[in-house]
There are 2 protein chains.
Amino acid sequence: MSGKTDGRVRRSNSVQAAGEPSPKDLKLATFFPYRLAVLSFDVSQTISQLYADRFNLTRQEWRVLAALGENKHMSAAAIAEYSTLEKMQVSRAVSKLLKAGLIAREENIRDRRSHSLRLSDKGVAIYRKIVPLVLAREKFILSALSERERKEMDSIFAKLVNKTREMRKMG
Amino acid sequence: MSGKTDGRVRRSNSVQAAGEPSPKDLKLATFFPYRLAVLSFDVSQTISQLYADRFNLTRQEWRVLAALGENKHMSAAAIAEYSTLEKMQVSRAVSKLLKAGLIAREENIRDRRSHSLRLSDKGVAIYRKIVPLVLAREKFILSALSERERKEMDSIFAKLVNKTREMRKMG
DNA sequence: TATTGTTATACTCTATAACTATA
DNA sequence: TATAGTTATAGAGTATAACAATA
């Protein structure tokens, strides 16, 4: 299928009515937030296939696993912060992972509202199966870039993250 | 895919049990798909505020508006392709936008299964209010980068999009 | 009173597929 | 038979807030 519209002659690339001035162009195809969303969606799909299809995990559950794989012992709040998830998302992911036996929890003696969470042996086993798979895909995708470009991208990402955070603070 | 990412030699600060080898490190904070997802989410939030809060539009509805703002007349299928939405998403967005009076449709004489869609005057008015707002935010975020970095990023994005598409074709 | 984490609710989004009306 | 678009349905994800236990 081609990207054409309904077969009429294309007059201009933006809205115009009765000689009024048109707004500054917005082209979806070059609009940064759109391009970023599409790329991110495609990359996420490619990665989530690996843990969703084979291990029946959601993205949230995978993030919890990944956080605990890295840090061994964490409270729910620590996981939330570390993985950019809301506390309810963590709470639900944790309860499903507990049921599935992929994680375990122990009382936190110092604060009994909170629990220390960790991967179970089964969780560790699954974590170890998934990690090489997702790293291989990451590697494949990044193989599109040279070493120099990769460094450039890291630096660009950091700048964009900061600027976006700045914007969100401003409201 | 090359499954050679085993990393048996590496010992690290992540999961270790009973002297077994740990997998090659996965750090969420430096994992490309994760960083991309977080950045994309933050940027999307910043943009969607503008059309969600003030104009009560969903992301899908906004994309349909944007597509029609650019191309004036399109069929539902053309919008779907142009805006990376599924046909059902377009169908639902279109029916809400029709009800809200932001778009209009005409019969397509050559194929009566399909309709030609366009912005209504009201739709044009809203589109023209939104466009400067989102462009201003895009500009603000991109102001984090120099002209050189912006070009670099365009080129990096294109490469990543292609590579990801290649990967998805492979399954 | 404030905090950690859970639960309730209602809502939106998504994915699959069946369906209709044309072609 | 195939295509454009709609509708049905169920499941997943999200947002807000109320809540219990503990501090």
Side-chain angles (χ1 to χ4, degrees), chain A residues 1-7 37-38 40-42 44-45 48-49 51-53 55-64 67-68 73-100 103-117, chain B residues 37-38 40-42 44-45 48-49 51-53 56-64 67-68 73-99 103-117 168:
Chain A
M1 178 152 315
S2 72
K4 60 183 167 197
T5 52
D6 60 5
V38 170
S40 173
F41 179 81
D42 286 351
S44 284
Q45 286 287 103
S48 67
Q49 267 193 312
Y51 52 77
D53 294 356
F55 301 101
N56 194 34
L57 297 169
T58 66
R59 193 181 54 113
Q60 284 85 349
E61 289 152 15
W62 155 245
R63 283 203 188 165
V64 169
L68 291 173
H73 292 276
M74 299 177 97
S75 68
I79 293 174
E81 199 199 339
Y82 195 81
S83 59
T84 331
L85 295 171
E86 300 292 314
K87 65 176 181 171
M88 310 83 69
Q89 297 180 302
V90 172
S91 175
R92 293 209 180 97
V94 160
S95 84
K96 202 191 119 188
L97 292 170
L98 278 170
K99 252 181 221 157
I103 65 177
R105 72 173 165 189
E106 290 144 22
E107 270 211 354
N108 184 337
I109 304 156
R110 294 163 56 169
D111 182 343
R112 278 172 32 238
R113 292 172 303 184
S114 162
H115 298 264
S116 174
L117 299 160
Chain B
V38 171
S40 173
F41 179 81
D42 286 352
S44 284
Q45 286 286 102
S48 66
Q49 268 192 312
Y51 53 75
D53 294 356
N56 195 33
L57 297 169
T58 65
R59 192 182 54 112
Q60 285 85 350
E61 289 151 14
W62 155 244
R63 281 202 188 166
V64 169
L68 291 174
H73 293 274
M74 299 178 96
S75 68
I79 293 173
E81 200 200 339
Y82 195 80
S83 59
T84 330
L85 295 171
E86 300 293 314
K87 64 176 182 171
M88 310 82 70
Q89 297 180 302
V90 173
S91 175
R92 291 206 182 100
V94 160
S95 84
K96 202 191 119 188
L97 291 171
L98 278 171
K99 252 182 220 157
I103 64 177
R105 72 173 165 190
E106 290 145 22
E107 271 211 354
N108 184 336
I109 304 158
R110 293 163 57 167
D111 183 343
R112 279 172 30 236
R113 292 172 302 186
S114 161
H115 298 264
S116 176
L117 300 160
R168 297 196 69 183

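Note that the structure is predicted; figures quoted are calculated from it, not measured. Lettering follows sequence order; numbering is per chain, from 1.
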Without decimals, in angstroms, what is the distance between [X] [atom1] and [N] [atom2]?
X      : N      : atom1 : atom2 : value
A/E107 : C/dT4  : CD    : P     : 17 Å
A/M88  : D/dA18 : CE    : P     : 14 Å
B/E86  : D/dA4  : CD    : P     : 14 Å
B/I79  : D/dT6  : CD1   : P     : 10 Å
A/L85  : D/dA15 : CG    : P     : 11 Å

Side-chain heavy atoms of A/R63 within contact of A/R59, under 4.5 Å
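When only atoms from C-beta onward are counted, A/R59 and A/R63 do touch, with a gap below 4.5 Å.
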Scan residues 93-100 of chain A against DNA chain D and write down, sorted by residue number, each residue with any heavy atom closer than 4.0 Å; if none is found, say none.
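Correct list: empty, so none.
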What closest approach, in Å, do A/E61 and A/N56 show between heavy atoms, and which atom pair accounts for it?
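Shortest heavy-atom contact: OE1-O, 4.0 Å.
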Minimum heavy-atom separation for A/V94 to A/I103, with atom names?
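Nearest heavy atoms, A/V94 then A/I103: O-CD1, 3.8 Å.
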If the condition is salt bridge (Lys or Arg N to Asp or Glu O under 4.0 Å), which residues does A/E107 pass it with, not counting sequence neighbours?
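So A/E107 forms no salt bridge (Lys or Arg N to Asp or Glu O under 4.0 Å) with any residue.
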Taking salt bridge (Lys or Arg N to Asp or Glu O under 4.0 Å) as the definition, give me every residue that meets it alongside A/R112, ordered by chain and number, with sequence neighbours left out.
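With sequence neighbours excluded, A/R112 shows a salt bridge (Lys or Arg N to Asp or Glu O under 4.0 Å) to no residue whatsoever.
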Residue met sooner reading DNA chain C from 5', once A/Q45 and A/S114 are mapped to nucleotides
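First, find each residue's nearest nucleotide; the 5'-ward one identifies A/S114.
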Are the side chain of A/R105 and the backbone N or O of A/H115 linked by a donor-acceptor pair below 3.5 Å?
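Judged by distance alone, no pair lies under 3.5 Å.
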Under 3.5 Å, which donor-acceptor pairs do the side chains of residues 84-93 of chain B form with other protein atoms, sequence neighbours left out?
unit_1: B/T84; atom_1: OG1; unit_2: A/Y34; atom_2: OH; d: 2.3
unit_1: B/Q89; atom_1: OE1; unit_2: B/E86; atom_2: N; d: 2.8

So, does A/R105 get its side chain near the phosphate of C/dT6, meaning an N or O under 4.0 Å from OP1 or OP2?
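Answer is yes, contact under 4.0 Å.
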A/S91 side chain N/O closer than 4.0 Å to the phosphate oxygens (OP1, OP2) of C/dG5?
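Answer no for this pair, as no side-chain N or O of A/S91 is under 4.0 Å from OP1 or OP2.
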A/I79 side, atom CD1; A/Q60 side, atom CD - distance, nearest 0.5 Å:
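Interatomic distance, A/I79 CD1 to A/Q60 CD, rounded to 0.5 Å: 13.0 Å.
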Mind checking the OG-CZ spacing from B/S48 to B/F41? Nearest 0.5 Å is all I need.
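Nearest 0.5 Å value for the OG-CZ distance: 8.5 Å.
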Looking at five pairs on each end of the helix from C/dT1-D/dA23 to C/dA23-D/dT1, what is the angle between the two axes, given to 10 degrees?
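One end axis against the other gives 10°.
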Protein and nucleotides 11-14 of chain C: nitrogen or oxygen contacts under 3.5 angstrom:
unit_1: C/dT14; atom_1: OP2; unit_2: B/Q60; atom_2: NE2; d: 2.6
unit_1: C/dT14; atom_1: OP2; unit_2: B/Q89; atom_2: NE2; d: 2.9

Take a 6.0 Å sphere around CG of B/D53 and say whether it holds more than 12 heavy atoms from other residues, nucleotides or ligands.
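Yes, the 6.0 Å shell around CG holds more than 12 heavy atoms from other groups.
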Should the heavy atoms of other residues, nucleotides or ligands under 6.0 Å from CD of A/E81 be counted, would the total exceed 12?
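No - once you tally the heavy atoms of other residues, nucleotides and ligands closer than 6.0 Å, there are 12 at most.
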Partners meeting side-chain contact (heavy atoms from CB on, under 4.5 Å) with A/S116 (sequence neighbours left out)
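side-chain contact (heavy atoms from CB on, under 4.5 Å) check on A/S116 returns A/H73.
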A/N108: partners by side-chain hydrogen bond (donor to acceptor under 3.5 Å, both in side chains), with sequence neighbours left out:
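If we apply the side-chain hydrogen bond (donor to acceptor under 3.5 Å, both in side chains) test to A/N108, skipping adjacent residues, there are no hits.
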5' to 3', nucleotides 18-23 of chain C under a 4.0 Å protein heavy-atom cut-off (B base, S sugar-phosphate only, - none) gives ---BBS
